[in-house]
Every structure is written in structure tokens, then in C-alpha cells.
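What follows is one structure encoded as C-alpha cells, with my remarks underneath.
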Amino acid sequence: MKIASWNVNSLKARMEHVQAWLESAKPDVLAMQEIKMESHLFPEQAFQALGYHCLANGQKTYNGVAIIAKTPMQDVITQIPNFADEQRRVLAATIGDLRVIDLYVVNGQEVGSEKYQYKLNWLEALQRWLEDEAARYPNLVVLGDFNIAPDDRDVHDPEAWHESVLCSTAERNAYKRLLDLGLLDSYRELDDNGGVFSWWDYRQAAFRRNLGLRIDLVLISQALRGQLKAAGIDREPRKWDKPSDHAPVWVEL
DNA sequence: ATGGTTGTTGAACAA
């Protein structure tokens with residue numbers, strides 16, 4: 001079973017890329033972030049034609065997450081419980097014997113900013129929710145755009161990024177607390193090497209120069225560790241014309 | 001070099 005995550009940076013702008021990637025990679029589940037459209041505009045029929053069931057949790061202009069899956073989805077949650085938030089950033093569903101939680105973590109803009117504080121508050125609320133989800137669902141997959149590079153191996157220039165947003169100690173500690181719930185970074189389980197990234201800025205030819213960060217992650221619960229066959233980051237779509245700034249990341253269970 | 005690029009909405013914001 002192949003499960004993938006992709007920050008598409010506008011599904012309207014990226015629909016052709018997503019369709020092309022689905023036809024080549026053939027994931028059973030794809031969690032998307034930054035669909036940047038309201039739920040009723042989600043192109044459900046086009047995905048159904050490719051054999052996918054659809055769930056969308058969108059809003060106008062910004063944010064928005066969606067999950068498509070080859071089998072039906074149940075027990076859907078579209079917001080972090082007990083956390084007032086206008087922004088559409090989470091989507092959870094049960095798919096077969098898996099609980100899948102799609103996240104578009106707050107970017108945070110700059111350390112010390114209001115948006116950074118919102119990010120830390122959001123991560124704290126996420127932690128409380130995932131404690132419940134982890135207790136309820138042993139077979140848990142938490143994936144998406146985490147907007148946190150877990151450690152310096154995930155950063156092209158750790159000195160330049162030292163204590164800046166996406167790399168700060170407070171963000172990394174919040175990430176570590178998520179792992180303390182019994183979650184594993186599937187990519188790191190199978191590859192210790194640095195220099196492998198999932199996001200490259202559009203500016204300064206960052207992709208060509210591999211000036212990136214690994215901020216798109218697929219976390220799996222320890223109960224699923226024995227089923228982990230492979231994990232990867234597919235750089236190909238980042239080479240296409242008018243790409244998303246993120247690459248799809250995936251696991252095979 | 002506080003630059004640069006892209007997407008959405010209509011000059012500014014977010015990433």
C-alpha cells in the first residue's frame with residue numbers, strides 16, 4: 001500500500017501535475033496541502049475518474065487540505081478539537097485499518113512574529129489531539145507539510161538557517177513531542193543521509209542548486225514499523241513546467 | 001544585496 005503527501009500550492013494551478021503524478025506513481029492514498037480552494041470547488045469528478053474517493057477541507061485563497069483514496073473513508077475530522085481556528089489545515093479519516101491524518105502545519109513566517117506564536121499554539125493543540133488519536137488508533141499515519149525541518153541533515157545550509165523559522169529549537173522541540181507519541185519519521189527509518197529535501201524556494205534557482213529543506217514528512221506509528229517497506233521523495237514533478245515548490249513524499253507499507 | 005518567485009486576488013499578502 002502506497003501512501004503519499006504533496007503540498008500542491010494551489011490545486012487549480014496544479015491539477016494537471018497531480019493527475020499526471022497519480023497516473024505514474026499510483027498511490028493508494030494521496031494527502032494534499034495548500035489546495036487553496038473552497039471544498040465545493042474540489043475537482044472530485046476528475047479524481048473519481050481515476051478511481052479515487054475524495055475528501056476536501058478547503059477555504060478561499062489560502063491553506064486547505066484534501067485526501068483521495070482508492071477505498072472509502074470514514075470517521076472524518078476537519079478541525080483540531082477544542083481549538084478555535086479559521087484556517088483549514090487538518091483532515092483525518094479512517095481508510096481500511098489505517099487512521100490517516102493530513103496536516104498543513106502553520107508556516108510561522110518569522111521567529112518571534114504573531115504568526116510564529118500561532119504556529120507554536122497550533123502545534124500544542126495538535127499534540128493534545130494526536131494523543132487521543134494515537135490512543136484510539138494503533139495504526140496511525142500522520143503526514144503532510146510540517147513546515148519544520150527535523151534536524152540539520154534536513155537543511156541545505158544549517159548555519160544560514162540556524163534558529164530561523166522552520167528550524168528553530170522551539171519548533172523542533174514541538175516536533176519531537178509529536179514523535180514521543182510513538183511516531184516514527186518513515187524516511188529517517190530507512191535513510192540516515194542528509195541533503196535529501198522536499199521543498200525548494202522558487203527563487204534563486206534553488207531547486208537546480210538543491211538549496212532545499214526536508215519539511216514534508218510521513219510519520220507512522222510503531223505498530224506499523226514492521227510493515228514499512230520503502231519511503232521516498234519524488235523530485236521529478238519539481239522539474240516539470242510551473243511546478244509546486246514541494247515534491248511528493250511517500251511510503252510503501 | 002531584507003534581494004529573488006509563484007499563486008490568489010486585484011496591491012497586498014502568504015509562502
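Just so we're on the same page: letters track the sequence lines, and every chain starts at 1.
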Report task. Begin from the C-alpha positions of A:Arg99 and A:Glu133 and carry the test salt bridge (charged side-chain N to carboxylate O under 4.0 Å, His left out) through to its verdict. Result -> CA-CA 8 Å; A:Arg99 184 64 168 173; A:Glu133 291 282 320; 2.7 Å; yes

Report task. Could you state the atom-to-atom distance from OH of A:Tyr104 to C1' of B:dG7 in whole Å? Result -> 12 Å

Requested in this report: Encode nucleotides 8-13 of chain B as B, S and - characters from 5' to 3', where the letter depends on protein heavy atoms closer than 4.0 Å: B to the base, S only to sugar-phosphate, - to neither.
Outcome: SS---B

Query raised in the report: Taking CD from A:Gln87 and P from B:dA15, how many angstroms apart are they, rounded to a whole number?
Result: 7 Å

Report task. Return the value, rounded to whole Å, for the distance between atom CD of A:Glu86 and atom C1' of B:dA14. Result -> 17 Å

**Report entry** Residue A:Gln19 excluded, over 12 heavy atoms near CD under 6.0 Å
**Finding:** yes

**Report entry** Spacing between A:Arg238 atom CZ and B:dT5 atom P, to the nearest angstrom
**Finding:** 13 Å

Query raised in the report: Hey, mind stepping through A:Leu30 and A:Tyr52 against side chain to side chain contact (heavy atoms under 4.5 Å, CB included) and telling me if it holds?
Result: CA-CA 9 Å; A:Leu30 174 62; A:Tyr52 291 95; 5.7 Å; no

Requested in this report: Round to the nearest Å and state the distance from A:Trp240 atom CH2 to B:dT6 atom P.
Outcome: 18 Å

Query raised in the report: Whole Å only: how far is the CG atom of A:Asn107 from the C1' atom of B:dT6?
Result: 14 Å

Report task. Write down the distance separating the C1' atoms in B:dG10 and B:dA14, rounded off to the nearest Å. Result -> 15 Å

Query - Nonpolar side-chain network containing A:Tyr116, other nodes, edges under 4.5 Å - result: A:Val111, A:Leu120, A:Val155, A:Trp161, A:Val165, A:Leu166, A:Trp199, A:Leu213, A:Ile215

Query raised in the report: Is it true that A:His246 and A:Trp6 have ring centroids separated by less than 6.0 Å?
Result: no

**Report entry** Pairwise P distance for B:dG3 and B:dT9, with rounding to whole Å
**Finding:** 26 Å

Query raised in the report: With respect to the phosphate group of B:dT6, does any side-chain polar atom (N or O) of A:Arg14 fall under 4.0 Å of OP1 or OP2?
Result: no

Query raised in the report: So A:Arg188 and A:Asp154, salt bridge (charged side-chain N to carboxylate O under 4.0 Å, His left out) or not? Walk me through it.
Result: CA-CA 10 Å; A:Arg188 277 287 166 248; A:Asp154 304 310; 2.8 Å; yes

Requested in this report: Can you tell me, in whole Å, how much space there is between the C1' of B:dT2 and that of B:dA15?
Outcome: 16 Å

**Report entry** Between B:dA12 and B:dA1 - C1' atom distance, rounded Å
**Finding:** 23 Å

Report summary line: Separation of B:dA15 atom P from A:Gln109 atom CD, nearest Å, is 7 Å

Query raised in the report: So, A:Asn57 side chain and A:Thr78 main chain: donor-acceptor pair closer than 3.5 Å or not?
Result: yes

**Report entry** Any residue of residues 196-211 of chain A with a heavy atom less than 4.0 Å from an atom of DNA chain B
**Finding:** A:Tyr202, A:Arg203, A:Gln204

Requested in this report: Would you mind reading off the distance between A:Glu114 atom CD and B:dA15 atom P, rounded to a whole angstrom?
Outcome: 13 Å

Query - Test of ring centre spacing under 6.0 Å for A:Phe42 and A:Phe47 - result: yes

Query raised in the report: Can the positive tip of A:Lys239 be found less than 6.0 Å from the middle of the six-membered ring of A:Phe207, inside 45° of the ring normal?
Result: no

